[in-house]
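Chain letters run A, B, ... following the sequence lines, proteins first, then strands; residues in each count from 1. Just so you know, these numbers come straight off a predicted model, no measurement behind them. Atoms considered below: every heavy atom in the structure, side chains included; atoms not considered: hydrogens, waters and symmetry mates.
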Amino acid sequence: MKITDISNNINEWFSGAGPHCDAVISSRIRLARNLDGHKFLSRCSDSEKTEILNLLKNVTMSLQIGDNVSYVSVDEASSLDRNLLMERHLISRGHALGKGPRGVVLAHREFFAAMINEEDHLRLQVLKPGFQLNGCYEQINSIDDRIEKQIAYAFSTKYGYLTACPTNLGTGIRISVMLHLPALKMTGQIKKFLNAARAMNLAVRGLFGEGSEAAGDFYQLSNQVSLGISEMELIKQFEATLVPEIIDYERQARQKLLEDNSQSLDDKVSRALALLRNAHLISSQEALTLLSHIRLGINMREHMGAETPALKSLCGLIPRNVARSEFIQTINRLFMLTQPAHLQINHGRHLDPTKRDALRAKIIRSELGGESRQ
Amino acid sequence: MYCQICKKNDATIHLTEIDKGVRSEMHLCAGCAQKQGISVNSQVPLKDLLSNLLAVQPSDEEIYGSDIGQKTCPHCGFTIEQFTREALLGCQHDYEIFENQLLPLIKKAHNGKAAHCGKVPSKVPSDERKHMELASLQRQLDEAVRDEQYETAAELRDRIKKIQTDTPK
């Protein structure tokens, strides 16, 4: 598999489908595992790392996971390729920037990835569109069981799965739900959500870009505690209380926008559309912010039947033979394809930031039927 | 906007307080905010957190005598001093060898918990699995009683009894 085989496509987890897709982009579960009898990576020489890499590569490649799998050598990949894998959430920032022999085994539909020699010997992940953590766990647990038949993991009856950093100890599980919360942001209630999440020992990060800045109103909510609570108990917390409550707040905020402040909503959506269809230079940050408003507009029309003038004219742009849900996929695709590494790889070469901003604007204009498609 | 205390630097910290329905705002620069005892570090890097946590523990020498700082893992050559720098352990045995030093940190990171609960590899012998399962159910039972969820508690109690009676003495 070449990187360009995936760089033009939308990944399955970002398809805009799945349960509660108006507010939940995707669900992800990661498991951290280490081999029994091998040192953790910080104490391994390159030859020991290569030995671990080859062993885990063979094991993970041999699994029948219902899709073709490929291996990408991360240490040999170009920095652009590494950044693209990171933008697609197939590897972590740490894996992209790490040192020494390391790689990733990935399913072509991108629902599964196994990072080898990241912080731990093995980091498995399963990603699904919408809110479906049980589905993620079922799949990753079965993959983990099959790996465990072939190798022994470092495990203690007292502390569970032993990880290089004590913060991942126990189940080694990291549950993440990627949420799109533009109405909570617009109505100024997002801080309440962030504070509540932190009080419950949950980490909140952005989905795109560096640091914790939540560009495009995308928030990734993850557990931090992994010891002393079982996988199913944690999933139950997310499934039964946490996430449904947040979804509910976001929907209420959308309803409130519509009832009390529809002019401000229309203003945001219309401005976003006008800029996206006419701008000739657009930064990644600005594109994410504006596309987020468009995504909100279509979702409100599709899921709430909202009929404000701006939402009607926004949806009037969608060709007759295209369903609104498909149009959301087009918008999601733009979020991904306008990321810096995607732009450059799909264009075939390195571009300086100004050229990237011009190319980004051109792609968006063309997709949204703006003026001057050239 | 200038800092309202020194009136020289740009105000980068904006505080809104609502006390008994009365709203007041403060706009300060980082220096003056710090003098007022307002922390501006919203996120502490993990490494610093680990080092701080280890720093507030009684020193290794205080607990184990002067040689513990030099204690080295025979399996990977790791010392606790390296952990305070790198925030990563050297091998699976470090959890046992440096258990006393790591335990406060483990508890802090995991909401006070220090025992595994959840998936157990199938390779673990069945009597050990059963022992772990019982400990986990007992913990859930204690929590259910504490939260006054008596139906769940009764269910858990029955499961514990069943495992205990199934176990050959």
Side-chain angles (χ1 to χ4, degrees), chain A residues 31 33-44 119-121 137 140-141 144-145 147-149 151-173 191 194 198 200-201 203-205 211-212 223-235, chain B residues 16 42-43 46-47 49-50 53-54 72-73 75-79 82-83 85-96 98-99 101-125 127-133 135-137 139-140 143:
Chain A
L31 295 178
R33 300 286 188 255
N34 287 280
L35 292 169
D36 188 39
H38 287 259
K39 284 179 275 187
F40 291 152
L41 292 161
S42 67
R43 307 297 291 172
C44 280
E119 184 178 289
D120 293 297
H121 297 154
Y137 187 65
I140 203 165
N141 190 36
D144 188 49
D145 283 345
I147 294 174
E148 198 226 323
K149 281 200 176 116
I151 52 160
Y153 286 138
F155 182 86
S156 112
T157 50
K158 189 171 182 185
Y159 292 125
Y161 292 93
L162 302 171
T163 50
C165 182
T167 53
N168 300 314
L169 193 60
T171 53
I173 199 170
K191 270 200 177 149
L194 297 177
R198 281 175 189 139
M200 297 176 84
N201 284 315
V204 183
R205 296 187 188 85
S212 55
N223 67 300
Q224 300 199 91
V225 171
S226 56
L227 179 70
I229 178 161
S230 72
E231 296 85 351
M232 291 317 293
E233 280 177 276
L234 266 174
I235 290 169
Chain B
T16 306
S42 55
Q43 282 199 322
L46 182 62
K47 252 190 195 172
L49 181 70
L50 295 174
L53 278 168
L54 286 168
T72 304
C73 170
H75 304 276
C76 69
F78 190 78
T79 64
Q82 276 168 315
F83 179 67
R85 276 204 315 268
E86 298 165 20
L88 292 172
L89 294 167
C91 76
Q92 64 197 87
H93 305 286
D94 293 346
Y95 279 106
E96 216 176 302
F98 303 109
E99 186 169 19
Q101 290 103 313
L102 292 174
L103 200 56
L105 171 70
I106 291 173
K107 284 187 174 169
K108 177 92 180 172
H110 298 285
N111 215 6
K113 309 272 171 59
H116 176 56
C117 169
K119 187 169 181 178
V120 178
S122 57
K123 286 175 184 158
V124 171
D127 54 336
E128 280 184 45
R129 295 173 65 88
K130 212 165 260 181
H131 183 74
M132 289 182 74
E133 197 179 345
S136 159
L137 287 171
R139 182 189 59 80
Q140 290 178 51
E143 283 177 7

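Heavy atoms from other residues, nucleotides or ligands lying under 6.0 Å from NZ of Lys113(B) number more than 12.
Ranked by heavy-atom pairs under 4.5 Å with chain B, the first of Tyr161(A), Tyr159(A), Phe40(A) is Phe40(A). For chain B, the option among Leu234(A), Leu169(A), Asn201(A), Asp144(A) with the highest count of heavy-atom pairs below 4.5 Å is Leu169(A).
Val120(B) touches chain A through backbone and side chain together, each having a heavy atom under 4.5 Å away. Heavy atoms of Tyr153(A) lying under 4.5 Å from chain B are absent altogether. With a 4.5 Å cut-off on non-hydrogen atoms, Glu96(B) does not touch chain A at all. Heavy atoms closer than 4.5 Å to chain B are found nowhere in Ile147(A), neither backbone nor side chain. Looking at Glu128(B), the atoms closer than 4.5 Å to chain A (heavy atoms on both sides) all sit in the side chain, from C-beta outward. Neither the backbone nor the side chain of Arg129(B) has a heavy atom closer than 4.5 Å to any heavy atom of chain A.
Side-chain contact between Lys119(B) and Phe155(A) is absent, with no heavy-atom pair separated by less than 4.5 Å.
If you take NZ on Lys108(B) and OG1 on Thr167(A), they are separated by 14.0 Å, rounding to the nearest 0.5 Å.
The side-chain hydrogen bond (donor to acceptor under 3.5 Å, both in side chains) check on Ser42(A) picks up nothing, with sequence neighbours excluded. Residues forming a side-chain hydrogen bond (donor to acceptor under 3.5 Å, both in side chains) with Glu231(A) (at least two apart in sequence, or on another chain): none.
The closest donor-acceptor contact from the side chain of Asn34(A) to the backbone of Leu162(A) lies under 3.5 Å.
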